[in-house]
Amino acid sequence: MSTWLIVDANSIGKAASQGLPFDPSEEERSVTAMLSFVGSQAVKYQATDLVFVFTDPVEEAYTHYNELLLAATKKAGIAVTLLEKDNCLHQLSHFIHTESKKVILLSNDRTWQTLLQGEVSLISPEISKEEGSHVVHLDGARIKETLGYEAESIPEVIALSGILGEAMAKSLMKTYGSISTILLSMEEIRGKSPRTWQRLLEQKGEILAKALKVTPEAGKVDSGVISPLSIDEDTKISPEQLAALTEGTKAEKKLLGEDAIYVDSLQMFHEAAKRFEATFEKGTGFLGITIETTGSALETVCLSTGEDTALFDLGSKDLMKQVKKLLTAAVESGWTLSFWNLKHLLHQCGKIAGRGYDVLLSEQIGDGMKQEADGQLCLFAMEKEDEKENDRGAGELLDWLCSLEEDVFSSEKDSFSVTDRGYFTGEYSKKLSRIFCDVSLLAYLLMPLSTGKDFDIEKVAGVYRKLELKDYKSRFGKKSVREVLEEKREAYVSYAGVRTAMLSELPGDLMSELKEDGQYSLYEEMELPLLFTLYSMEKEGIAMDTAALRRYGEELSEGILKLQEQIYQEVGEEFNINSPKQLGTILFEKLGLPAGKKTKSGYSTAADVLEKLAEDYPVVEHILQYRTFGKLKSTYADGLLDCIASDQRVHTTFQQAVTATGRLSSSDPNLQNIPVRIELGKRIRSVFHAKEGYVFLDADYSQIELRVLAHLSGDQQLIEAYRKDRDIHRATAALVFHVPFEEVTPQQRRAAKAVNFGIVYGISSFGLGQNLDISRQQAQQYIDDYFRAYTRLQEYLDELVAAAKRDHVALTMFGRRRPMPELSSSIYMQRQFGERVAMNAPIQGTAADIIKIAMLHVWQRLRGEGLSSKLLLQVHDELLIETKIEEKEQVKAILDEEMHRAAHLLVPLAIDMEEGNSWYDAH
DNA sequence: ACGATCACGC
DNA sequence: AGAGTACGTGATCGTT
C-alpha cells in the first residue's frame with residue numbers, strides 16, 4: 001500500500017506565529033525550511049506521494065507566506081490541492097475512506113486530529129518550553145494508548161478544550177471517555193473542581209454544538225454537496241524532488257563525522273596538522289573551535305574548517321603547544337577563529353589555568369557548599385600549586401588568545417575614532433573581527449528573541465542550515481562530559497565534530513545575513529569588541545566589605561525575628577509568612593480582611609494589595625516590613641556573601657545575548673538590581689567599596705531614553721525642554737495639565753513622571769493605572785492628554801508602529817533589529833503588545849546602543865592611556881569605575897567626554913557624575 | 001525539577 | 001467573546 005503525506009499548508013503557515021522555525025517575517029527562508037522539514041518527514045515515513053492542501057479562503061495574515069509556499073511547491077512539481085475551508089475535513093475524510101491508503105497528515109490544526117484512524121496518523125511540529133520545537137507523532141492505530149481516549153472522542157476533546165483549556169479537557173476525557181458521561185458525572189466533578197463544574201454547567205449547549213462542528217461530517221451537513229477530493233493520481237515524488245527537499249538531512253550526514261578524525265597521539269597530530277595546513281593555504285575562511293573542559297582540566301579541542309575536522313585529546317601539554325602552533329598558522333594565513341561564546345571560553349581557560357576568579361571562589365567554599373563547585377574543581381583549586389599536572393595547556397591557550405587581542409589593541413591604541421554615525425570604528429574592531437568570531441553574538445543580533453534552549457549551536461544550525469542536529473542532552477542525556485569521554489568516545493567525536501563544523505560553517509551565513517540586515521557593523525564595531533570589555537570587567541570584579549555585609553545580614557535577621565514574633569502575636573498563630581498561600585489564608589479567611597486581586601491559585605498578597613490594607617491593619621504593615629527585610633536578607637545580604645571570591649571581590653557575569661532590546665543583563669550575582677530607592681536597602685551599597693588608593697566614579701545618563709525619544713521624534717516641545725535643561729517631568733506636567741511650570745503640584749509631576757516612564761518602558765494604560773493606582777480609563781486619559789501636548793511624539797510613535805507592521809521589525813538608531821512577530825498575531829492582546837514593543841524597542845534599544853558605545857570608548861581610553869583605573873559595572877544607564885586617586889581628574893574627563901560624545905543627538909546627553917569610597921557614596 | 005508568586009533594579 | 005498586559009534575575013514555596 002502506498003503511503004501518502006498530506007500537508008496542511010495553512011496551519012503550517014500559521015505555525016509560523018507560534019515560534020516554530022517557520023518565521024513569517026523571514027518568509028522566503030521559512031518556506032525553504034518548511035519544505036525541507038516536509039521532505040525529511042517524507043523520507044522518514046517513506047511516503048510515496050506528497051500533496052499540499054490549501055484551504056480557501058487563505059487567512060489574511062499568512063497570504064504572502066502561502067503564496068510563496070504555493071509557488072515553491074508548484075515549482076518543485078508537488079501536487080497542490082485547493083479545498084473549501086468549510087468542508088475540508090469532510091473531503092479529506094472521504095478521500096481517506098474511499099482510497100484506503102496509508103495516510104500521514106502533517107498539520108498543526110487540532111481539528112485534523114478528527115481524521116485519525118487505523119491507517120491515518122498525524123504529525124505536528126510543536127513548540128514547548130521543555131523540548132523546544134519538536135515533532136509530535138500521533139499514530140491512528142494507537143490513539144487510546146497515546147492519548148488515553150478513543151479516536152471518536154477527539155472532536156469532543158477539542159470542543160471541551162475551547163471551554164476548559166486543553167489540560168482539563170484531556171484529563172476529563174481520560175477519566176470519563178465522553179461528554180455525555182462527563183455530564184452525567186457532574187456531581188463528582190463539582191467535588192473535585194467547582195470551577196470546572198460551573199463552566200460545564202454554563203456552557204453545556206455550546207460544548208455539544210462545538211463538538212458537532214469539528215467532526216469530519218460537518219462539512220457534508222453544511223454544504224449539502226459532497227465534492228470529493230480529487231487528487232491527481234500522478235503525484236509520485238521523484239527521487240530528485242525528494243533529494244531537493246531533504247538537502248538539509250544530507251548535509252548533516254556529511255558533517256556527521258565521516259571525515260572527522262580523533263587524534264590521541266602526537267604522531268596522529270602531525271598527520272592532521274598537515275591536512276589543516278594544506279587547507280589554510282587555500283586562502284581565508286573560518287576555523288571553528290570548541291573546547292571541552294571538565295572541572296579540573298581542558299580535555300579536548302575540536303577544530304574544523306568545514307572541510308576538515310579533528311578532535312584533539314589534550315592529554316599532554318605538548319599537544320596543546322602543537323594545537324597552538326596550528327592555530328597560529330591559521331591566523332597568520334588569514335583565517336578567523338570562531339567560537340560559540342568566546343567570553344565564556346576565556347573565563348573557562350582562566351579557571352582551569354588557576355588564574356580566574358572562579359578558582360578563587362571555589363577555594364573559599366572548598367567544602368562543596370555551592371553545587372557548582374563539584375569535587376573536581378575543588379580538588380583542582382586545592383592542588384593548584386602543582387600546575388604541571390593539572391594545567392594541560394589551558395593557561396597557554398588563554399595567554400595566547402589574550403595576546404592576540406592585546407596585539408590588535410596595542411598596535412592601534414591611538415586609532416579609534418568616533419564616526420558620524422557615532423560609534424566605535426577604527427582598525428581595532430576590524431582587526432579583532434579578522435581574528436575572532438563569536439557565533440553566539442552573530443546569532444543574537446539576528447535572533448534577539450531566541451532564549452535558552454532555542455539558542456544553541458544545534459538550533460541555529462537548524463534555522464540557517466536546515467539541519468536537525470541533536471544537542472548534547474538528546475545524545476548523551478544527563479551524562480557528564482567526563483563520563484561521555486570515557487564511555488562513548490566515538491559518539492562524542494561525532495557530536496563535537498558536528499558542532500565544530502557548524503562553528504566554521506555558520507559565520508559565513510550569519511555574517512551575510514547581518515550585512516543584508518545592515519547589522520554587521522553593529523556586530524563588528526560594537527558587540528564583538530564589547531565582549532572583551534565585559535570579560536575584563538567581570539574578571540576585575542568589585543571589592544566587598546565582607547565583615548560589614550555579614551553585620552548587615554545579622555542586623556536584618558534580628559529585625560526579621562522581631563517582626564516575625566510580632567506578626568505571630570497579632571495574628572494569633574504561627575505560620576510561614578513567606579508563603580503567599582498561607583499568608584492569604586490567614587489574612588483573608590482567618591482575619592477576614594477585604595481581599596483585593598486574585599491570582600490563579602488564590603488571593604493576591606502582592607505589595608500593592610497589602611499597602612491598601614496597611615493603614616487599617618497594623619499587622620499588614622508589619623508583613624510588608626517583614627517582606628522587605630526578608631528580601632534584603634536572602635537576595636542581597638546572603639546572596640552576595642555566597643558570591644564573594646577569596647579575593648574579596650564579586651565577579652558578576654554580564655549576559656550579552658539575552659534581551660530583546662539590546663540591553664545587557666547581569667547574573668551570579670545580578671549587580672544591576674542592587675537596592676537604591678529605600679534607604680535600608682541602599683545601605684548595601686556601602687559594602688561595595690573601592691580598593692586602597694582608589695575611589696569610585698559613578699556616572700549615569702540622565703533620562704537617556706527620553707532624550708533619545710526627543711531626538712528620534714524631533715518633537716520641538718521635548719527638544720526645547722531638554723535644551724533649556726528643564727525638569728522634564730515638571731515641564732511635562734505643565735503641558736499636560738495646562739498649568740504654568742512653577743505651579744505644577746507634586747501629584748501632577750508624579751503623574752507626568754509615570755507617563756514618561758510608561759512611554760519609555762512601553763507599558764499599557766492598564767500598567768500605568770497600576771503604577772499610579774488609578775483606573776485604566778483615567779490612565780488612558782493621561783496618555784491622551786500627554787500626546788495632545790507632544791503632538792509630534794504621537795505622530796512619530798504611530799510611524800514606528802506603521803513601519804514595524806510593514807517591515808515586521810523595529811530598528812534602533814544604530815540598526816539593531818527587533819523582529820516583531822507579535823504584530824502578525826491573531827490575538828488582539830498580542831498585537832497590542834506588539835504595538836507597544838514597536839514603540840519601545842527603538843527607544844530602549846538606542847539607549848542601550850549608546851551606553852555600549854560609551855563603555856567601549858571609556859574602556860579603550862583607560863587602556864590606551866595606560867591608566868590603572870578600571871571599568872567595573874554597567875547598570876543600563878550608569879557606569880561605575882574604580883579610579884586610582886592620582887588618575888581621578890583624567891578619568892573624570894574621559895568619562896565625561898566619551899559618554900557625551902557616544903551619540904550626537906538634537907538634545908544634549910546629560911550626565912550626573914559622583915565620586916566616593918563606596919557605591920553608596922558615589923551614587 | 002518546575003511553575004507560581006513576589007520583589008528588586010532600570 | 002475574552003483575554004491579561006515593559007524586561008531580566010533571583011528567592012521561596014509547594015507540587016511533580
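Per chain, numbering begins at 1; letters A, B, ... match sequence-line order.
- Atom-to-atom, CG of L624(A) to C1' of dC6(B) comes out at 12 Å; the value is rounded to the nearest Å.
- Annotation: cation-pi geometry satisfied between K598(A) and Y603(A) (NZ/CZ under 6.0 angstrom from ring centroid, within 45° of ring axis).
- If you check every strand for non-hydrogen atoms under 4.0 Å, N840(A) touches nothing.
- Here dG9(B) is the nucleotide among dC7(C), dG9(B), dA3(C) with the atom lying nearest to any side-chain atom of R677(A).
- Within the 4.0 angstrom heavy-atom criterion, no nucleotide atom of any strand lies near I827(A).
- Comparing dC10(B) with dT5(C), their P atoms sit 23 Å apart, to the nearest whole Å.
- Closest to the Y828(A) side chain, of the nucleotides dC6(B), dA3(C), dA6(C), is dA3(C).
- No side-chain donor from either of E822(A) and Q832(A) sits under 3.5 Å from a side-chain acceptor of the other.
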**Request:** Take F696(A) and D921(A) through the side chain to side chain contact (heavy atoms under 4.5 Å, CB included) test and state the conclusion after the steps.
**Result:** CA-CA 9 Å; F696(A) 279 162; D921(A) 297 325; over 6 Å; no
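- Between E527(A) and R816(A), at least one side-chain N (NZ, or NE/NH1/NH2) sits under 4.0 Å from a carboxylate O, which counts as a salt bridge.
- For the pair L632(A) CG and dC6(B) C1', the computed distance is 14 Å after rounding to whole Å.
- Counting non-hydrogen atoms under 4.0 angstrom, F766(A) reaches a base of the nucleic acid.
- To the nearest angstrom, C1' of dC6(B) lies 14 Å from CD of Q770(A).
- Using atom P as the reference point in both dG4(C) and dT5(B), the two lie 13 Å apart (nearest Å).
- At the heavy-atom level, V837(A) lies nowhere under 4.0 Å from the strands shown.
- Using a 4.0 Å heavy-atom distance criterion, S765(A) is classed as making no nucleic acid contact.
- Nucleotide dC10(B) holds its C1' atom 16 Å from the CG atom of L880(A), rounded to whole Å.
- Look at NZ on K682(A): it is 11 Å from P on dG9(B), rounded to the nearest Å.
- The environment of NZ in K590(A) is crowded: more than 12 heavy-atom neighbours from other residues, nucleotides or ligands sit within 6.0 Å.
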**Complete:** Heavy-atom contacts, protein to nucleotides 9-16 of chain C, under 4.0 Å, summarised as B (base), S (sugar-phosphate only) or - (none) per nt, yield BBSSSSS-
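- Atom pair N771(A):CG and dC7(C):P shows a separation of 13 Å (rounding to whole Å applied).
- Within the 4.0 Å cut-off from OP1 or OP2 of dA6(C), not a single side-chain nitrogen or oxygen of T661(A) is found.
- Rounded to whole Å, atom P of dA6(C) lies 11 Å from atom CD1 of I783(A).
- Taking 4.0 Å as the cut-off between side-chain N and carboxylate O, E705(A) and R663(A) count as a salt-bridged pair.
- Each of dC10(B), dC8(B), dC6(B) was ranked by its minimum atom distance to the side chain of Y636(A); first place goes to dC8(B).
- The closest side-chain heavy-atom distance from I774(A) to Y782(A) is below 4.5 Å.
- Of the candidates dC8(B), dA4(B), dG4(C), the closest approach to any side-chain atom of P675(A) belongs to dC8(B).
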**Prompt:** Passes side-chain hydrogen bond (donor to acceptor under 3.5 Å, both in side chains), Y790(A) versus Q794(A)? Steps please.
**Reply:** CA-CA 7 Å; Y790(A) 295 119; Q794(A) 167 96 73; over 6 Å; no
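- Summarising the geometry, the separation between CD on E878(A) and C1' on dC8(B) is reported as 15 Å, rounded to the nearest angstrom.
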